[in-house]
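Read the structure below first, then the notes.
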Amino acid sequence: MELPDRYSPKDVEGRIYQWWMDRHYFKAQETSTKPPFSIILPPPNVTGKLHLGHALNHNIQDALARWKRMSGFNVLWLPGTDHAGIATQSVVERELKKEGTNRHALGREKFVERVWKWKEEYGGNIVDQMRRLGDSCDWDRLVFTLDEGVSKAVRKVFVDLHNKGLIYKGLRLINWSPALESAISDLEVDYKEVKGSIWHIRYPLADGSGEIVVATTRPETMLGDTAVAVHPDDERYQQWIGKEVQLPLTGRKIPVIADSYVDKEFGSGVVKITPAHDFNDYAVGQRHKLPMINILNKNGTLNEAAGAVYQGMKVADARKKVLEDLEAGSFLVKTEPHTHQVGHCSRTGCVVEPFLSEQWFVKMAPLAAPAKRVVESGTINFEPESWTKTYLHWMNIIQDWCISRQLWWGHRIPAWTCGGCQKIIVSETDPAQCPHCKSKDLKQEEDVLDTWFSSALWPFSTMGWPADTELQKTFYPTTVLVTGFDIIFFWVARMIVMGLEFKKDVPFRTVYIHGVIRDAQGKKMSKSTGNAEDPVQLIEEYGSDALRYTLLAQIAGGRDLKFSTQRLEGYRNFMNKIWNATRFSLNGLKDFEAPADGVEAVPNKVDLTDADQWLIYKLGVLEKDVDEALKDYRFSDAANGIYAFVWNIFCDWYLEFIKPIFQEGADPAQKKATQLVLAQVLNRVIRLLHPFAPFITEEIYQKLPIRGEALIVDSYPTPKIDKTLLALGSEEVALELDLVREVITAIRNIRGENRIKPGTKINVRLAPTEARAQKILGENKSSIMTMSRLETCEIGEAGNLAKCAVQPVQIGGMKVDVIIPLEGLVDIGEEVVRIRKNIEKLQKDVGSLTNRMADANFVSRAGEEVVAASKRQLEESQAQIGTLEAALARLM
RNA sequence: GCGGUUAUAGCUCAGUUGGUUAGAGCGCUACCUUGACAUGGUAGAGGUCCACAGUUCGAGUCUGUGUAACCGCACCA
């Protein structure tokens, strides 16, 4: 079968993916004798378009899934999509706006219907994108966060927590997004530095006995002030404590209180207290039982409590007006520039307002305690480990979780208020009547739950909980969670909490936290800055495997990754290299008969060339390294190791070494042996590559002479399972072949440096100093001649060095002088320069080695082998200098 | 303020337990269309491993201090 000379991902990826699907290779077995391996996919938003971060996240999980599947595990990779309350609702609201209407006009029921319709139509897009990435998820188990089963789980958890007193409804100061007109959680607030001012305002005492100056960054909130506070020990203000001040503009009288929250050193040492619009003031207000005046509407404008003048104004306008009025009344003392952190809504970017409102909360402290313990004890471990500290820190300062959102798209809170007795009923099923007063006048809460509430249950709600399913028995706790650090608090921590509370076990054993993808300049990729790359677009252009290799080869130790298309191009080239190496190999295997015992077949050791044994030895090292790297989540080490093997060992050397064997006249026994080695090693390389480049490898695999049914379900090569083949490798022979390679490199080096045309065939004398080198060179003479394009090659005495280029080569105790007569070939001057450069380099080594050997401390204290090695190196370097100097003398 | 991460070639990064001459890819220079691949090949140039101190016979690697950059968390109105 003929392969095109370039790998074309487009012709392969879709077909291969469909083939895997048709054959159900992604399916997990509910029960199996195989050990389980499970991953829950962090569900992307249904609205979403995958970004590169998703690609990385999914590629890691898929690499793990494929590796484990090949390693004999019963693999469950459970996919899902998230309803993403705010994001999805916004998309549909934008659609409505275009149609000249809005959700309020439509009404709740119709609107939610409309969102569902949207989801049915576009929700599949995100799944299609995941398939482009090659995700080998068990698609038959695809779950959506609003599916019936998941919704049941959500209700059960809500009701249980409520019955345990861990969910409560209360009037609290919460973070309010005026743009969304909804509460948001602490985590959804991003603090950004904003340049503002700090205004000093005069508050006259009510009894006219003086005035007090307060400092504030938000003058408009003074309309809701209910006290002025000073530090109890502040000598300047002792006489004011307990008196009243008259609030400018409103004339309201408010007390001066003492509270140690006030910092004497900051500003004027006097703080205006607005309990309804500041978290610290709220705390002070609670301590002093101050009244709370809410001056804001839900949309962020001022309400009637702010006074007729300001009612209806936006906060920014009100601030201006208040300052004008203060100025006019000469209440304003001074204005200073001041930068401070201002909370912004992570969804809309609007300024978040602390807002007094009735919301539902989860009491976190009792739930956090066991969730801390499982991480402290190592039942769950973070990879990299340093995230443990971040996690524990957050768990220590955790606040109650505000879970209600004033949206329509999501899990509606399963609580009803009875019109008869006003009691609140919380129930898993919609109640027909009030259990207390039997009234049928029940009204369900309007609010929905924070998206992350259902996400927190994901590891078990997706497996059929609360029913007791086989799936949970087999796969819970899951093996590993793969995610970015940005949702450790949003998601990871809350899953641990809920898993422990409802499954009495951790949701996963390991949390693998990977870095963030940045652009080539190191900036965070985002839609708004326009530097976000579209993975599907990149796949179109470079192929899914190339993209995956780029990401996996660079992800290490949880560090961020800088993405450049230049790098992507490099790995695209690598895919092509693999393709062409296969093309060449298959050509050489045209008359090769696949052995009956397939992958177990090995040639007789006596028929193997040195190159065969060298290659097999290197393969053994690779298999060991890759196995260890993958076990430690060192994807880049594994990917780079395979890359180097394929390119620098297999292609650059091995394929070159075996080329003559495929020419006519080669020894048939040797050819047969080499063909078998080639077929077996190619088979191993393709299998090793599969988790990192699934499409191209499966495509190639199907054309290999030695193969099974499908690569995706073949086994993953390790030294353990490849014992028979790897036993043919030899470290000793490998070292000998390295000498041959060094000799070839030396000849090429002399050629290059002396600018001898590649077409010019030259004569070389090789002068080994011991029998072992003599033997190995003799055995590989024809390879040396071909690969360095020689006319003649003598192996023996150094002979006359007059007008000769000379390069000493030594490796593992074997030594060879490479000698090339230059007479009539080139200008001798180049060789003089080349030799001098080499001598200089050697002299530097000799210098430091001499110093070291002269150091009595080194000789007596360093390990014996180290001293011996240094001594040997010194002698060898000196000998090489001798050789080169002799050659130099003969050149002049 | 508390915590974390990073600092190695022009760029992006490897360098596992301290041990010969610190590696790769890209970029750069020269040469090469040789029968797998120009998305290729061969050779080459390029590094005071952030600074200082310490431990050690020996430090890119371990310890401390400092500097710089990035990221969390908490924040003073």
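Every value quoted in this text rests on a predicted model; they were computed, and no experiment measured them. Sequence lines set the chain letters: A, B, ... in the order given, protein chains first and strands last, and positions in each chain run from 1.
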Please measure how far the C1' atom in B/C71 lies from the corresponding atom in B/A30, and state the result in whole Å.
45 Å
Using a heavy-atom distance cut-off of less than 4.0 Å, which residues of residues 192-202 of chain A contact RNA chain B?
none
Report the residues that fulfil side chain to side chain contact (heavy atoms under 4.5 Å, CB included) with A/F279, sequence neighbours left out, ordered by chain and then residue number.
A/L173, A/N175, A/P354
Is a side-chain N or O of A/Q554 found less than 3.5 angstrom from the main chain of A/T550, in a donor-acceptor match?
yes
Side chain of A/R583: nearest nucleotide among B/G44, B/A36, B/C71?
B/A36
Would you measure the distance from the C1' atom in B/U56 across to the matching atom in B/G18 and give it in whole Å?
9 Å
Which letters describe nucleotides 11-22 of chain B, given B = protein heavy atom under 4.0 Å from base, S = only from sugar-phosphate, - = neither?
-BSS----BBB-
Suppose you measure atom C1' in B/U65 against the same atom in B/G58; what distance do you get, rounded to whole Å?
23 Å
List RNA chain B stems (3 or more consecutive Watson-Crick/G-U pairs, under 3.5 Å)?
B:1-7 with B:67-73, B:10-13 with B:23-26, B:28-32 with B:40-44, B:50-54 with B:62-66
Is the distance from OP1 or OP2 of B/A77 to the nearest side-chain N or O of A/H340 less than 4.0 Å?
yes
Whole-Å distance, A/F489 CZ to B/G3 C1', equals 11 Å
Give the table of side-chain donor-acceptor pairs shorter than 3.5 Å for residues 214-228 of chain A, with sequence neighbours excluded, one pair per line with atom names and distance.
from	atom 1	to	atom 2	distance (Å)
A/T216	OG1	A/R218	N	3.0
A/R218	NE	A/E220	OE2	3.1
A/R218	NH1	A/E353	OE1	3.2
A/R218	NH2	A/E220	OE2	3.1
A/R218	NH2	A/E353	OE1	3.0
A/R218	NH2	A/E353	OE2	3.4
A/E220	OE1	A/R319	NE	2.9
A/E220	OE2	A/R319	NH2	3.1
A/T221	OG1	A/R218	O	2.8
A/T221	OG1	A/K272	NZ	2.6
A/D225	OD1	A/K272	NZ	2.9
A/D225	OD1	A/T274	OG1	2.8
A/D225	OD2	A/Y203	OH	2.7
A/T226	OG1	A/P291	O	3.0

From CZ of A/F382 over to C1' of B/G4, roughly how many Å is that when rounded to an integer?
14 Å
Parallel, tilted or perpendicular, judged at 30° and 60°: which one describes the rings of A/F635 and A/Y512?
perpendicular
Steps toward salt bridge (charged side-chain N to carboxylate O under 4.0 Å, His left out) verdict (A/E628, A/K631):
CA-CA 5 Å; A/E628 285 170 0; A/K631 279 178 180 150; over 6 Å; no
Between B/G25 and B/G19, how far is it from one P atom to the other, in whole Å?
23 Å
So, A/S877 and A/Q880: side-chain donor and acceptor under 3.5 Å apart, yes or no?
no
How many whole angstroms separate atom CH2 of A/W387 from atom P of B/C71?
12 Å
Let me check something: any side-chain donor-acceptor pairs from residues 388-397 of chain A under 3.5 Å, sequence neighbours excluded? List them with distances.
from	atom 1	to	atom 2	distance (Å)
A/T388	OG1	A/E385	O	2.7
A/Y391	OH	A/A371	O	2.8
A/N396	OD1	A/K372	NZ	2.6
A/N396	ND2	A/L392	O	3.3

Can you tell me the distance, in whole Å, between the OH atom of A/Y261 and the C1' atom of B/A74?
13 Å
Would you give me the side-chain donor-acceptor pairs under 3.5 Å for residues 562-574 of chain A, sequence neighbours excluded?
from	atom 1	to	atom 2	distance (Å)
A/S564	OG	A/R567	N	3.2

Using side chain to side chain contact (heavy atoms under 4.5 Å, CB included) as the criterion, list what pairs up with A/K871, not counting sequence neighbours.
A/M853, A/E875
Less than 4.0 angstrom from a charged side-chain N to a carboxylate O is my criterion; do A/R548 and A/D545 meet it?
no
Under a 3.5 Å distance rule, please check whether A/D560 uses its side chain to pair with a backbone N or O of A/G515 as donor and acceptor.
no
When you compare B/C52 with B/U67, how far apart are their C1' atoms, in angstrom units rounded to a whole number?
10 Å
Give me, pair by pair, the N or O atoms of the protein and of nucleotides 38-41 of chain B that are less than 3.5 Å apart, along with how far apart they are.
from	atom 1	to	atom 2	distance (Å)
B/U39	OP1	A/R6	NH2	2.8
B/U39	O4'	A/N573	OD1	2.8
B/U39	O2'	A/N576	ND2	3.0
B/U39	O2	A/R572	NE	3.3
B/U39	O2	A/N573	OD1	3.4
B/U39	O4	A/R6	NH1	2.8
B/G40	OP1	A/N573	ND2	3.1
B/G40	O3'	A/K577	NZ	3.1
B/G41	OP1	A/K577	NZ	3.1
B/G41	OP1	A/W647	NE1	2.5

Consider the side chain of A/S386, meaning its heavy atoms from C-beta on, and name the nucleotide among B/G44, B/G4, B/A74 that approaches it most closely.
B/G4
Scan nucleotides 30-35 of chain B against the protein and return all N/O pairs shorter than 3.5 Å with their distances rounded to 0.1 Å.
none

More than 12 heavy atoms of other residues, nucleotides or ligands under 6.0 Å from NZ of A/K624: is that the case?
no
Any donor-acceptor N/O pair, A/D632 side chain to A/R634 backbone, under 3.5 Å
no
Would you call A/E831-A/R834 a salt bridge at under 4.0 Å N-O?
yes
Contact under 4.0 Å: A/K272 side-chain N or O vs B/A77 OP1/OP2
no
Between B/A43, B/A77, B/G3, which one does the side chain of A/V271 approach most closely?
B/A77
NZ/NE/NH1/NH2 to OD/OE distance under 4.0 Å, A/K841 and A/D845:
no
Which residues pass the side chain to side chain contact (heavy atoms under 4.5 Å, CB included) test with A/Q675, not counting sequence neighbours?
A/L589, A/D591, A/F592, A/F662, A/K671
Pairwise C1' distance for B/U20 and B/A38, with rounding to whole Å
38 Å
Could you tell me the separation between the CD1 atom of A/I513 and the P atom of B/G4, rounded to a whole number of Å?
17 Å
Can you name the side chain to side chain contact (heavy atoms under 4.5 Å, CB included) partners of A/P232, sequence neighbours left out?
A/A258, A/S260
